[in-house]
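Here's the structure we're looking at; comments come further down.
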Amino acid sequence: MRSLAHPPLPEQRDFPSRLHHPRVAARLGAWLGICFFVAFATGLVSHLAQQPDSWLPSRPVWGYRVTQGIHVAAGTACVPLLLAKLWTVYPRFWIRPPRQLRELALHGAERASIGVLVAAAVFELATGLANVTTWYPWSFSFRPTHFAVAWVAVGALVVHIAVKLPVVRAALAPAAADEPEPPGEGLSRRGLVRTAGVASVAAVVLTAGGTVPWLRRVAVLAPRSGTGPQGIPVNKSAHAAGVTATATDPAYRLEVRYGETSVSLSRDDLLAMPQQTSGLPIACVEGWSAHGEWTGVRLRDLLDAVGAPRGRSVEVSSLQEHGPFRVTHLPHQYADDDLTLLALALDGEPLSLDHGFPCRLIAPNRPGVLQTKWVRSLEVPA
Ligand SMILES: Nc1nc2c(c(=O)[nH]1)N[C@H]1C(S)=C(S)[C@@H](COP(=O)(O)O)O[C@H]1N2
Ligand SMILES: [Mo]
């Protein structure tokens, strides 16, 4: 009969490599935990920045550029660390469950929490990486889902750390460091941790050029080169947004409304108003960012033209007719900031069609996705 049964399942002793060791798991886990919490904390800020009722201040102007840059870098750093860690611990997958009911229940709960942690962590890194490359092979909305699963991952991580604390303590204790490694061929434990660390740093350095100018030349793994018309990448072209005809129409007028009061301004009217130059970054959620010198009309001057009081948020609508980013809600602290512009020019040249001609919103400390291009109207609800 025995010969008909399937071959026996492997057991932990079938994985004799000295690299499958709590010390390796604990070291990799510590680095992974740090990167994960950094990504989580910066992700919370980024999420808040995109809420229509965000209370984040409009300064420092580079705030979102830094938090989102760190968010994407920390997530990128997690990828090699997570792969190495999963490899180190995977023999534990074959642990035989205990027979006693109480132990079995505890064991089951611990395994289930690890299952949730691994699934959530892999989901976060996979969706994050896909978003960075603007590849959306799913039908759910990225940001709310990435945000919700982040809480699942962090919750499971906290449980995991609490459960494993005794093992981690013992593995990282100074006495354990003095213990010699068992002899073996190939990579040492320290070598594996170092290799994962180097891979993680390399992943960050080779992608961060999308947002750190002096790393641009080595950004061979960055999905964006960091350049485009007028020195700034384009996320959605005028053609893709379907606005080429309306944006170049000589009959174009910007509508500014506050209650019953409204004004209608051509691009020449806007050019005839006092112009201001603001040096502000475009910082995309996908991790790239670039600085520009934007010239145009202060948003506050336009709101004053219709008598809109300070302290009000503004609805900014684009000529674009479809897509999630054609209307944005600008909270009052941005609307009233003296640096916020309806830009007509970039680096001294008229705004190119792909950067939002005839005019685009540019505000300090704002996610790029909310810097509406091809603006058609500004409305302050009465
Ligand atoms: N109307 C409109 N505005 C938009 C977008 C869009 O799709 N439609 N994309 C946004 C995104 S995601 C970014 S990162 C910035 C990029 O601006 P740029 O293309 O001028 O660099 O524009 C934003 N403004
Ligand atoms: Mo973006």
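Note that the structure is a prediction, hence the values are computed from the model and not measured. As the structure lists them, so they are numbered: ligands from 1, and atoms in each ligand from 1.
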- request: For Phe123, check ring-ring contact (aromatic ring centres under 6.0 Å, His included) against everything at least two apart and list the hits.
  value: Phe140
- prompt: Are Ser46 and Gln68 linked by a side-chain donor-acceptor pair shorter than 3.5 Å?
  reply: yes
- request: At a heavy-atom distance under 4.0 Å, which protein residues reach ligand 1? Sort them by chain and number, would you?
  value: Ile232, Pro233, Val234, Asn235, Lys236, Ile282, Cys284, Trp288, Ser318, Gln320, Phe325, His355, Arg360, Gly368, Val369, Gln371, Thr372, Lys373, Trp374
- request: Sorted by first residue and then second, give each ring pair (Phe, Tyr, Trp, His ring centres under 6.0 Å) pair with at least one member in residues 40-70; sequence neighbours left out.
  value: Phe40-Trp151, His47-Phe147
- prompt: Does any donor atom in the side chain of Gln371 or Arg360 lie under 3.5 Å from an acceptor atom in the other side chain?
  reply: no
query: Going hydrophobic residue to hydrophobic residue with side-chain gaps under 4.5 angstrom, can you get from Val79 over to Val149?
result: no
query: Do any pairs count as a side chain to side chain donor-acceptor pair (under 3.5 Å) and have a residue in residues 330-344, sequence neighbours left out, and if so which ones?
result: Ser58-Asp337, Arg59-Asp337, Arg298-Asp338, Arg300-Asp336
